[in-house]
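All of these numbers come straight from a predicted model, not from anything done at the bench. No hydrogens, no waters, no symmetry mates; every other heavy atom, side chains included, goes into these values.
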Amino acid sequence: VDRSYQCKDVLILAYQSFGVLFGDLSISPLYVFKSTFSGNLSNYQSEDVIFGALSLIFWTLTLLSLFKHVIILLNADDNGEGGIFALYSLLCRHAKFSLLPNHQTADEELSTYHNPRYSYRNPQSLTVKRFAERHKKAKTALLLLVLFGTCLLICVGFLTPAISIRSAIEGVKVRSSELHYGVVLIIACILLVGLFVLQHRGTYRVAFMFAPIVILWSLSIAAIGVYNILKWNPRVYKALSPYYIYTFFRDTRYDGWISLGGVLLCVTGAEAMFADLGQYTAASIRAAFLSKNFAAVSTSFYASIPDSLFWPVLVMATLAAIIASQSVISATFSIVKQCHAIGCFPRVKVVHKSKWFRGQIYIPEINWVLLVLCLAVTVGFRDINHLGNAYGLTYMSAMFVTTWLTALIINFVWGQSLVLALLFALFFGSIEIIFLSSSFIRISKGGWVPLVLSVIFMLIMFVWHYGSRKKYLYDFHNKVPMKQILTLGPSLGIVRVPGIGLIFTALVSGVPATFTRFLTNLPTFYQVAVFVCEKTVLVPYVPQKERYLIGRIGPKSFRMYRCIVRNGYKDVQKNEDDFENDLIMSIAEFIQLEAEGSGTLEGSVDGRMAVVRTSEKFGKRLEISELERNGEASSSMPPTILNSSKSHILQYLQSTYEMESPGSTLRRRVRFKLQPDMNYRDLNVKDELLELVEAKQSGVAYVLGHSHIKAKMNAPCLKRFVIHVAYLFLRKNCRAPAVVLNIPQTCLIEVGMNYYL
């Protein structure tokens with residue numbers, strides 16, 4: 001049954017890929033030839049020049065899309081995930097390039113951490129790897145390269161909708177030449193606004209809605225291509241010969257080199273998915289037509305369509321452009337999520353609905369930023385060729401970054417020789433540099449926009465990473481020694497009240513200063529204390545059964561635990577109710593494993609840590625009964641034997657808050673109880689489990705640090721500016737930690753802390 005469901009999901013995702021991925025590859029006919037012949041190349045009205053341009057497009061697709069992406073890059077996946085960030089993740093796992101400070105040896109035992117395909121180690125690569133591992137500047141340079149590449153792809157997120165939809169709408173001017181430019185612009189802006197407004201529905205519905213349209217669009221341009229070849233020039237197939245590239249540059253020289261900035265638009269979308277043969281057909285549509293209609297370069301695609309099919313094709317072209325835009329917008333959300341996961345992007349709200357497939361997310365803040373930037377470039381660039389210049393330069397720069405990261409993968413991950421890695425980088429890098437050199441000539445004609453924005457985005461990411469890392473190091477150097485905790489005794493020198501206190505910290509060992517700060521100001525705490533560390537491991541996903549790493553702080557009588565929640569860089573935050581329940585069940589499992597002396601426990605600074613939820617006994621320690629809205633247990637579940645120890649006043653306040661907060665009424669409520677037929681060899685285990693259940697029934701409180709970041713008085717001026725101005729501005733204008741963690745206000749306790757960095 002599970003296998004049939006798995007096959008069904010694969011087929012559904014394959015069907016959706018037509019709508020979400022292939023759409024980005026099928027729209028290049030709308031603007032490739034127009035951008036290629038936008039300069040002085042339009043003065044060369046000969047068949048050889050047209051065939052040369054087609055030959056350039058064909059071989060660019062063959063080398064950069066087919067050989068580079070399909071044959072090589074698709075083998076450099078990270079557990080099925082691709083892209084710049086996946087390459088960086090692979091490098092960090094096979095060499096110590098990561099700047100994440102909370103890495104643990106236990107992370108390397110995750111089932112998704114190592115890939116048997118990459119087990120080979122080349123001794124020749126060890127020297128280069130050790131050099132890079134010893135130098136922090138090399139790690140920082142690699143991170144900056146990755147961030148710059150991701151920032152370029154973020155720019156693609158607003159450039160693709162702008163150029164795609166505007167190019168599709170401008171086809172109307174072929175039949176209505178007197179139509180004012182402003183009308184076309186207004187129509188394009190309306191479609192763009194509608195596209196971004198509907199993003200919150202997710203790609204689940206979008207893919208099922210658009211996949212048939214993309215398939216029909218691809219078949220249409222193939223059929224139109226055959227029609228134009230037969231009608232205008234059946235000899236167009238000769239353009240596939242590289243000889244025409246030679247004649248193209250022989251005849252056009254400098255003007256032909258400048259036109260490469262338009263040719264490279266044919267591979268836009270190759271970073272999302274390899275180019276299909278439909279791309280070659282799309283190019284031949286226009287080449288066959290242009291070889292006999294030189295004057296129709298600017299509108300060659302729509303001018304090549306038979307009159308009776310013009311309006312249907314125009315509608316399909318517009319829908320295909322919307323689909324192409326959808327794919328890159330979704331990719332942008334994923335990129336931002338990945339950067340946020342490793343501490344390189346300010347906190348944002350990540351939305352994932354249960355009916356969406358894994359990895360499909362929506363980020364409201366990024367959605368509206370992309371909309372504003374998209375409208376700005378659509379309206380700001382009156383000449384669509386300038387928009388093409390910006391688009392092409394952005395995509396080719398991102399491909400150049402990917403080439404050098406792949407060269408490192410070949411050497412460090414695949415274990416191939418350094419010579420082979422350099423040959424790959426030089427071969428494909430030289431091709432991309434030729435295209436980039438042509439694009440750089442057009443920087444003043446639109447190309448400067450994505451470069452400036454990419455630098456701004458990269459500075460934002462690096463400032464956030466710098467501040468977050470400095471904050472972590474401050475916590476690490478100021479954590480409370482265990483000896484100080486042990487001398488306080490089981491009561492910690494305070495009053496222990498019923499309930500569970502979850503102290504969130506970035507530390508994977510030791511007691512954070514936030515905890516002692518809380519005890520100093522309010523000498524009381526809950527009977528069960530759990531130090532929770534949510535960390536990101538450089539893998540796409542962490543299996544649920546390997547997610548929780550549980551340990552104990554101090555002796556058993558202290559009732560203090562540590563829970564390290566390990567997430568992959570594409571994992572989505574679960575809701576707060578499921579997290580609480582999983583945490584309680586994981587701690588219960590740890591208590592029993594510890595009593596049985598299980599060999600899965602590992603040594604740590606505070607005690608012993610265990611990866612729980614892997615035992616066959618899990619779920620048999622405690623019974624769960626789901627509560628109805630009135631607070632009573634459901635009749636279909638076994639009744640609970642525990643009552644809440646909250647006062648009547650607190651219960652009244654909580655019920656009042658939940659009535660006023662619509663979202664809180666949807667929270668899933670459960671109660672735990674011990675299994676009545678369980679035999680315990682150690683009665684202390686039963687008492688500890690019972691105390692855990694009672695504490696959960698009394699309530700759970702979340703303790704978060706509310707930090708105030710300041711630079712030291714003797715800090716350099718640049719550091720003071722970064723911390724006091726840039727980092728502080730980002731902190732004030734991003735989501736609060738409690739919002740990101742979905743913590744209800746009635747359960748939140750914030751502890752003020754001053755950080756002097």
Should the pair [X]-[Y] be classified as a salt bridge under the 4.0 Å nitrogen-to-oxygen rule?
X      : Y      : value
Glu81  : Lys570 : yes
Glu170 : Lys34  : yes
Lys238 : Glu47  : no

Practice prompt. Apply side-chain contact (heavy atoms from CB on, under 4.5 Å) to the pair Ser65 and Leu61, showing each step before the final yes or no.
Written response: CA-CA 5 Å; Ser65 294; Leu61 283 165; 3.9 Å; yes

Closest heavy-atom contact between [X] and [Y]?
X      : Y      : value
Ala76  : Ile409 : CB-CG2, 4.2 Å
Ser437 : Ile441 : O-CG1, 3.4 Å
Val156 : Tyr395 : CG1-CE1, 3.7 Å
Leu260 : Phe435 : O-CD2, 3.4 Å
Arg166 : Val377 : NH1-O, 4.5 Å
Arg347 : Cys734 : O-CB, 3.4 Å

Residues [X] and [Y]: side-chain donor-acceptor under 3.5 angstrom:
X      : Y      : value
Asn385 : Ser35  : no
Tyr44  : Asp251 : no
Thr252 : Trp257 : no

Give a yes or no on whether the backbone of [Y] and the side-chain of [X] come within a donor-acceptor separation of less than 3.5 Å.
X      : Y      : answer
Ser89  : Leu538 : yes
Thr402 : Ala398 : yes
Thr247 : Tyr244 : yes
Lys68  : Met399 : yes
Arg442 : Ile258 : yes

Worksheet item: In terms of the angle between their ring planes, are Tyr246 and Tyr243 parallel, tilted or perpendicular, with boundaries placed at 30° and 60°?
Response: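 Rings of Tyr246 and Tyr243: tilted, as their planes differ by 30° to 60°.
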
Side-chain touch [X]/[Y], heavy atoms, less than 4.5 angstrom:
X      : Y      : result
Phe51  : Asn233 : yes
Leu730 : Phe345 : no
Leu373 : Val369 : yes
Ser220 : Leu216 : yes
Ile329 : Pro161 : yes
Phe85  : Asp78  : no
Ile154 : Met461 : yes
Leu408 : Leu142 : yes

Worksheet entry | Pairs satisfying ring-ring contact (aromatic ring centres under 6.0 Å, His included), at least one member in residues 446-466, at least two apart |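 As it turns out, the ring-ring contact (aromatic ring centres under 6.0 Å, His included) pairs with a partner in residues 446-466, which skip direct neighbours, are Trp464-Tyr727.
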
Discussion item. Under the rule for side-chain contact (heavy atoms from CB on, under 4.5 Å), what residues qualify as partners of Ser259, not counting sequence neighbours?
Written reply: Thr36, Leu41, Phe248

Worksheet item: Does atom CZ of Phe310 have more than 12 heavy-atom neighbours, drawn from other residues, nucleotides or ligands, at distances under 6.0 Å?
Response: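 Counting neighbours around CZ of Phe310, more than 12 heavy atoms of other residues, nucleotides or ligands fall under 6.0 Å, so yes.
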
Approximate separation, where rounding is to 0.5 Å, of [X] [atom1] and [Y] [atom2]:
X      : Y      : atom1 : atom2 : answer
Leu56  : Cys266 : CG    : SG    : 9.0 Å
Ile431 : Leu436 : CD1   : CG    : 12.0 Å
Leu453 : Cys151 : CG    : SG    : 10.0 Å
Ile169 : Ser164 : CD1   : OG    : 11.5 Å
Leu73  : Leu64  : CG    : CG    : 10.5 Å
Ile410 : Leu423 : CD1   : CG    : 9.5 Å

Which donor-acceptor pairs under 3.5 Å do the side chains of residues 312-324 make with protein atoms, sequence neighbours left out?
{"residue": "Thr318", "atom": "OG1", "partner": "Leu314", "partner atom": "O", "Å": "2.9"}

Practice prompt. Please lay out, stage by stage, how Ile221 and Trp217 fare under the test side-chain contact (heavy atoms from CB on, under 4.5 Å).
Written response: CA-CA 6 Å; Ile221 59 177; Trp217 161 253; 3.7 Å; yes

Item to complete: Apply the test side-chain contact (heavy atoms from CB on, under 4.5 Å) to residues Lys349 and Ile363: give CA-CA distance (whole Å), side-chain angles for both, the deciding distance (0.1 Å), then the verdict.
Response: CA-CA 6 Å; Lys349 180 181 180 181; Ile363 304 178; 5.8 Å; no

Item to complete: Test side-chain contact (heavy atoms from CB on, under 4.5 Å) on Phe67 and Ile72 and set out the steps.
Response: CA-CA 7 Å; Phe67 284 100; Ile72 299 176; 5.8 Å; no

